[in-house]
A.B. asks: 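Mind having a look at this structure? Questions to follow.
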Amino acid sequence: MYKLYAFLFSAIVMLIPAMLMAQPNGPVEMADGLRSSGKIYVVVAVIVTLFTGLVLYIISLDRKISKLEKESDQSHR
């Protein structure tokens with residue numbers, strides 16, 4: 001479980017500089033259009049929902065695998 005959290009933390013830390021350098025030099029017309037119509041919040045909500053779902057799925061898989069590993073270790077003794 002610790003390895004998963006360490007991996008997620010390191011992935012986020014590695015992506016921060018890339019996100020900071022990805023700022024456009026001029027105005028982005030698509031973002032302005034989405035922002036003015038209020039649809040940017042829908043886009044952000046969908047992205048956050050997908051990311052949260054993926055993280056929860058990975059955590060649940062990690063727990064299931066850990067449980068199976070413990071059961072396997074106990075049956076081999």
Side-chain angles (χ1 to χ4, degrees):
M1 187 72 146
Y2 173 75
K3 290 180 184 179
L4 175 68
Y5 291 132
F7 173 75
L8 289 175
F9 178 74
S10 61
I12 290 170
V13 168
M14 284 190 263
L15 288 175
I16 289 174
M19 289 186 289
L20 292 175
M21 297 303 290
Q23 299 299 321
N25 292 333
V28 179
E29 294 177 20
M30 181 180 67
D32 289 338
L34 288 173
R35 199 176 300 123
S36 67
S37 66
K39 293 180 182 177
I40 192 73
Y41 300 112
V42 174
V43 173
V44 171
V46 169
I47 291 171
V48 168
T49 303
L50 289 174
F51 183 73
T52 304
L54 285 173
V55 169
L56 292 175
Y57 178 69
I58 291 171
I59 290 172
S60 70
L61 278 180
D62 183 52
R63 289 181 180 169
K64 289 178 184 179
I65 291 171
S66 297
K67 181 181 175 184
L68 288 172
E69 287 175 345
K70 287 179 184 178
E71 290 176 0
S72 175
D73 286 344
Q74 290 176 356
S75 66
H76 284 93
R77 290 184 182 184

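Keep in mind that what you see is a predicted model, and the values were worked out from it rather than measured.
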A.B. asks: Looking at D62, is its backbone amide N or carbonyl O close enough to the side chain of S66 to form a donor-acceptor pair, meaning the two atoms are under 3.5 Å apart?
C.D. replies: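 Between the backbone of D62 and the side chain of S66 there is a qualifying donor-acceptor contact (under 3.5 Å).
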
A.B. asks: Pairs under 3.5 angstrom only: tabulate donor-acceptor contacts from the side chains of residues 42-50 to other protein residues two or more places apart or in another chain.
C.D. replies:
residue	atom	partner	partner atom	Å
T49	OG1	A45	O	2.7

A.B. asks: How long is the gap from CG on L61 to CG on L56, to the nearest 0.5 Å?
C.D. replies: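 Answer for the CG-CG pair, L61 versus L56, is 11.0 Å.
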
A.B. asks: Taking all atoms of both residues into account, what is the closest heavy-atom pair of S75 and S72, and its distance?
C.D. replies: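 Minimum heavy-atom separation between S75 and S72: OG-O, 2.9 Å.
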
A.B. asks: Out of curiosity, D73 CG to L68 CG, how far, rounded to the nearest 0.5 Å?
C.D. replies: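 The CG atom of L68 is 11.0 Å from CG of D73, to the nearest 0.5 Å.
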
A.B. asks: F51: what forms a side-chain contact (heavy atoms from CB on, under 4.5 Å) with it, not counting sequence neighbours?
C.D. replies: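 Once residues adjacent in sequence are excluded, the partners of F51 under the side-chain contact (heavy atoms from CB on, under 4.5 Å) criterion are V55.
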
